[in-house]
Amino acid sequence: MSAAASNSSKMMTSPGDMFTLENPVFCCYLFWSTVLVVKMLLMSLLTAVQRFRYKIFPNQEDLFFKNLEVQFDDPHVERVRRAHRNDMENILPYFLMSLIYISTNPNADVACILFRVASVARIIHTLVYAVYPVPQPSRILAFATMLLITFYMAAVVALRTLSFI
Amino acid sequence: MSAAASNSSKMMTSPGDMFTLENPVFCCYLFWSTVLVVKMLLMSLLTAVQRFRYKIFPNQEDLFFKNLEVQFDDPHVERVRRAHRNDMENILPYFLMSLIYISTNPNADVACILFRVASVARIIHTLVYAVYPVPQPSRILAFATMLLITFYMAAVVALRTLSFI
Amino acid sequence: MSAAASNSSKMMTSPGDMFTLENPVFCCYLFWSTVLVVKMLLMSLLTAVQRFRYKIFPNQEDLFFKNLEVQFDDPHVERVRRAHRNDMENILPYFLMSLIYISTNPNADVACILFRVASVARIIHTLVYAVYPVPQPSRILAFATMLLITFYMAAVVALRTLSFI
């Protein structure tokens, strides 16, 4: 693979420079982080779909239909919003953690597998939470997968940089 | 411009190193991301202003005035909190997406215009949502501007890194 | 220190490359950001602990015990969730701001002290808000510490990149 070859030649001249397209781990991060960004933004649109379907709007200026009042606490809308909030609580810290994990020059195969598994787990989390609710423990397992991967990366980075406490 | 000159000389020696002050696109990102960070943090202070103005506090230890009880669901406070949450849902993923978009070495003029338009759109979003509510579709248009720009950057990055799926 | 030595030799050859393990400021950022990521993720687990302790679940599929109904607005659960939301509002923008602040090549001692103080302040914020509520102004001071540090970093970055507006 040309990317791997150019990366290994690069490793000899500048071992510290991880955040370039010549690093396959960074490229894998780019792809799967982009997938998760798009997934998160689609939650906003899914919320909007639910708001129009059930005609639930939280602001006076959003009442696009006659005889409506502002309304909160609709279960269909709130379910999507809880899933969206859960995304922010977990995916946003993961974005940073996995990005700085790359700077420790991890094994490329391990790092790429972690990125893929974590990302697919969160897509499943959204499906079983916000799109089509299914019984537990499906959501807990999907949630725990990214959480544990983020904790693993945190352990790697913290041990590597412990002397800078 | 010295920045552009030093950047082009740099391009010949190390094409992959985008995240330095020698890259005008990164500098433009730095400036406008900083503006958006400050704008987001000001939402916390705006919430505090509303809480003191209408004496609405959510915690027992925050009751700075006599004869108050904890209270939720005040429309003035909740409006600012909804705007703040919308910022987190949209600007935080944009921060990552636009940062990694820089690594693809985009056309400098295009990238800088995207950063500027997205940032100004979100400032307008805050003004028409939290500061002085105006009729739709002003808020929807401001919201859609950053959303579409983020989707565009996502498409560029995903196509460039598709082989690392 | 070998890290400092290799960093100073590196400064002569490539002054712009800040995001490597050879830069002590970046290593200090790595350690303390990792601490804050772990702290934030523990808020999810603390919320789960409160939900099981008080048997408050927001989704039909989460009712692990008999004769329960979905329930919201429990003060013990909501307090942790407010602390968690406050983390997202403040720590997530700080993550980006402090990361891009490193690119301006700040004084190493100043930068490392800012990272340490901001991180410890937010740990205190969590303790006095979500774990064991204590009277104000303890929480306001902890909150203000990271906020002011983030504003300082924003000022440094914005002044340095003002010509790219």
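The chains referred to below are lettered A, B, ... by the order of the sequence lines, with proteins before strands, and numbering in each begins at 1. All values below were derived from every heavy atom in this structure, side-chain atoms included, with hydrogens, water molecules and symmetry-related copies excluded.
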Inset, instruction - Identify the two heavy atoms, one from B:F164 and one from A:W32, that lie closest to each other, and give their separation to 0.1 Å. - result: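 The pair with the smallest heavy-atom distance is O-NE1, 4.1 Å.
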Legend entry - Shortest non-hydrogen separation from B:H84 to B:S44 and the atoms involved: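 Shortest heavy-atom contact: CE1-OG, 3.4 Å.
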Legend entry - Cation-pi check, A:R51 onto A:F57 ring (under 6.0 Å, within 45° of axis):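 Judged by the rule, A:R51 and A:F57 form no cation-pi pair.
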Legend entry - Segment of A:F115 engaging chain B (4.5 angstrom heavy-atom cut-off):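 For A:F115, no heavy atom lies under 4.5 Å from chain B.
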Legend entry - chain B contact via A:L92 - which portion, at a heavy-atom distance below 4.5 Å: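 Side chain only.
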Would you mind checking which part of [X] comes under 4.5 Å of any heavy atom in chain A, side chain (CB onward), backbone (N, CA, C, O), both or neither?
{"X": "B:F143", "answer": "side chain"}
{"X": "B:I165", "answer": "both"}
{"X": "B:L159", "answer": "neither"}

Legend entry - Winner by heavy-atom pair count (cut-off under 4.5 Å) against chain A, out of B:M97, B:M88, B:M153: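 Most heavy-atom pairs within the cutoff with chain A belong to B:M97.
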Legend entry - chain A interface, residue from B:P93, B:A155, B:P137, B:P135 that has the most non-hydrogen pairs under 4.5 Å: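 Heavy-atom pair counts peak at B:P93.
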Largest heavy-atom contact set with chain B, pairs under 4.5 Å, which of [options]:
{"options": "A:S119, A:P58, A:C112, A:A48", "value": "A:P58"}
{"options": "A:R85, A:M43, A:M40", "value": "A:R85"}
{"options": "A:L99, A:L45, A:L96, A:L41", "value": "A:L41"}

Inset, instruction - Enter the distance from B:D87:CG to B:Y94:OH here, rounded to the nearest 0.5 Å. - result: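 It comes to 13.0 Å.
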Legend entry - Expected output: side-chain B:N107 to main-chain B:D109 donor-acceptor under 3.5 Å: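 It does hold such a pair.
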Inset, instruction - Would you please say whether a donor-acceptor pair under 3.5 Å links the side chains of B:R81 and B:N86? - result: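 Judged by distance alone, the side chains do not pair up.
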Inset, instruction - Scan side-chain atoms only and decide if B:Y129 and A:N59 contain a donor-acceptor pair under the 3.5 Å cut-off. - result: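 The answer is yes; a qualifying pair exists.
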